[in-house]
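Notes follow the structure.
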Amino acid sequence: MLSKFPYLRQDFLASIVVFLVAVPLCVGVAVASGVPAELGLVTGIVGGLLTGLMPGSSLQVSGPAAGLTVIVFEAVSEFGVATLGVIVLIAGLLQLAMGFLKIGRWFRAISVSVVEGMLCGIGLVIIAGQIYAAAGLKAPESGLGKIAGLPGAFTDALGSTKALASLAIGAGTIAVIVLWKKMPKAMQSVPGALAAVVLATAATLVFSLPVATVQVEGLLGVIQPPGSEAIGELANPAIWGTIIAFTLIASAESLFSAAAVDRLHDGPRTEYNKEMIAQGTGNTVCGLLGALPMTAVIVRSSANVNAGAKTKASRVLHGVWLLVFAAALPSALALIPIPALAGILVHAGWKLIPFRQIAELWHGHKGEALILVVTAVSIVAINMFEGVLIGLALSVVKAAWEASHLKTEVIDKGAGPIQVYLSGNATFLRLPKMLDSLEALPQDRPVELDLSGLHHLDHACRTALENWAERHSTDGTEPVKVTEPLKPAAEKMISNT
């Protein structure tokens, strides 16, 4: 048997580690998303047993992600839990279509600053929202409202024994996760998030603390396939913005996660279109079950690689353990205090904020840093979908600006020909400014035009230069001389003049 499965031991041990990391995250993401805790486990099970078996990326692990918490909560608040399945189902079908059309690899072209900004904005909203959950208070609906209401929330918490006890559990959970890395290596074999949940649960039971715990209904009780009424919501134009946001964000997060996981190991590289199909299949099934959307999750994936996984067997087995746990020990979930899960998500949200990347971008690429910050602020101030669109629009504008950057340098020594140097990219976007500079030259002076510094000269600029050179030479002035021409069109311009 070992000869058929040479990495069985490594994959088995890795699957236990991933399972221990996945349990509190599956439950925490579900609770923060405003849906029953078991739906998070359903998505984790599908991510392990179904998506885990499919080709694409061999070592990354899929399940409910903290990065989608905000948008799922907004969708559930606006359309209801019953409609969530339809949204996830259509998003999964769109992912399948993109995979079969081989669009998956194009997601790698999305600006990294937009993705980092998206994660930053999500992280800020998660942190702000989960602070309310940790205190047992109701959070405002908008991102700005959550942040603006924090001082008042702390004031309210200070006057309530119950809120203080709840906050203490949340803060203690974060402290355990942070300090767990300083523990002996033998203890670190147990994931910090799991240790924090166990300790928080024990403290709540031992001291009989008045904190809210997870509500449990059982797996079969929460599975709700989309009904006709939910499907009818597709006639609502507003729902399609949410569907597109689910599709784009889940796909981008999964494929960027795949690229990150590929850097962590020396095994087979990700096949992006196949991974898109795997993610689409998983989300389609999750939608049919009325569960949370799934993405590849970098926390679980990195835990899988670091635990020594060699094949996809580890992620499939982690799905088996989730199924066994949810079926055999559902009552254990009811003991978990909600502020402990809030603490886990606050820590996860903090890790989503790319402090180092912002500093590096600011020193080397201020434009990219600006896009990152604007994307994050837009997500907090408006919502996820519009924030990402604003970031993408800014990245396109920046790319167009850089692609059309043209420098015009005029050297006039007072006698002899005027020398004009064009460098960069001469596109129609820069045509008016280029012509203004050329047409401002004295009509009675010869001109030498140097195009050697151009990386690109489009048809509109070629034609405009030819026409300008012809006009400049009509009043007895010497023909415009083009030095070191790089394009055939420039040579043609010489012959015409």
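If you read the sequence from its start, that first residue is 1, and numbering goes on from there. The basis for the numbers below is simple: all heavy atoms, side chains too, and nothing from hydrogens, waters or symmetry mates.
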Check your understanding: Using 30° and 60° as the class limits, which term best fits the ring planes of Trp350 and Phe355: parallel, tilted or perpendicular?
Key -> tilted
Closest non-hydrogen atom pair between [X] and [Y], with its separation:
X: Gly85; Y: Pro226; value: C-CG, 3.9 Å
X: Ile169; Y: Ala340; value: CG2-N, 3.9 Å
X: Asn236; Y: Trp240; value: O-CD1, 3.7 Å
X: Thr284; Y: Gly92; value: OG1-C, 3.4 Å
X: Pro64; Y: Gly44; value: CD-N, 3.7 Å
X: Gly343; Y: Ile174; value: O-CG1, 3.4 Å

Would you say that [X] contacts [Y] through its side chain, given a criterion of any heavy-atom pair below 4.5 Å between the two side chains?
X: Thr213; Y: Leu335; value: no
X: Thr51; Y: Thr281; value: no
X: Met276; Y: Ile103; value: no
X: Thr375; Y: Ile379; value: yes
X: Leu406; Y: Leu454; value: yes
X: Leu234; Y: Ile243; value: yes
X: Phe246; Y: Val72; value: yes
X: Gln60; Y: Thr270; value: no

Taking the side chain from [X] and the backbone from [Y], do they hold a donor-acceptor pair closer than 3.5 Å?
X: Thr311; Y: Ala313; result: yes
X: Ser15; Y: Arg315; result: no
X: Ser314; Y: Lys310; result: no
X: Glu275; Y: Ser57; result: yes
X: Tyr132; Y: Lys146; result: yes
X: Ser254; Y: Ala296; result: yes

Review point. How far apart are the C-alpha atoms of Val29 and Leu68, what are their side-chain angles, what is the distance that settles it, and do they pass the side-chain contact (heavy atoms from CB on, under 4.5 Å) test?
Key: CA-CA 9 Å; Val29 169; Leu68 284 173; over 6 Å; no
What's the spacing between [X] [atom1] and [Y] [atom2] if we round to 0.5 Å?
X: Glu78; Y: Thr83; atom1: CD; atom2: OG1; result: 10.0 Å
X: Ile87; Y: Thr242; atom1: CD1; atom2: OG1; result: 5.5 Å
X: Cys26; Y: Leu39; atom1: SG; atom2: CG; result: 11.0 Å
X: Phe12; Y: Leu317; atom1: CZ; atom2: CG; result: 7.5 Å
X: Leu392; Y: Ile371; atom1: CG; atom2: CD1; result: 9.5 Å
X: Asn273; Y: Phe100; atom1: CG; atom2: CZ; result: 10.5 Å

Exercise for review: Assess the side chains of Gln279 and Ser62: does a donor N or O sit below 3.5 Å from an acceptor N or O?
Suggested key: yes
**Study point:** Verdict with reasoning, Leu322 to His318, per side-chain contact (heavy atoms from CB on, under 4.5 Å)
**Key:** CA-CA 6 Å; Leu322 282 175; His318 120 276; 3.6 Å; yes
Review point. Is it the case that more than 12 heavy atoms not belonging to Lys366 sit under 6.0 Å from its NZ atom?
Key: yes
Review point. For Glu360, does the CD atom sit with more than 12 other heavy atoms under 6.0 Å from it, leaving out its own atoms?
Key: yes
Exercise for review: Sort out for me which residue in His365, Glu368, Lys398 forms a side-chain hydrogen bond (donor to acceptor under 3.5 Å, both in side chains) with Ser113.
Suggested key: Glu368
Check your understanding: Run the side-chain contact (heavy atoms from CB on, under 4.5 Å) check on Ile127 and Ile353 step by step: do they pass?
Key -> CA-CA 10 Å; Ile127 291 170; Ile353 301 176; 3.9 Å; yes
Practice item. Give me the one residue out of Leu84, Val88, Asn283 that meets side chain to side chain contact (heavy atoms under 4.5 Å, CB included) with Leu292. Key: Leu84
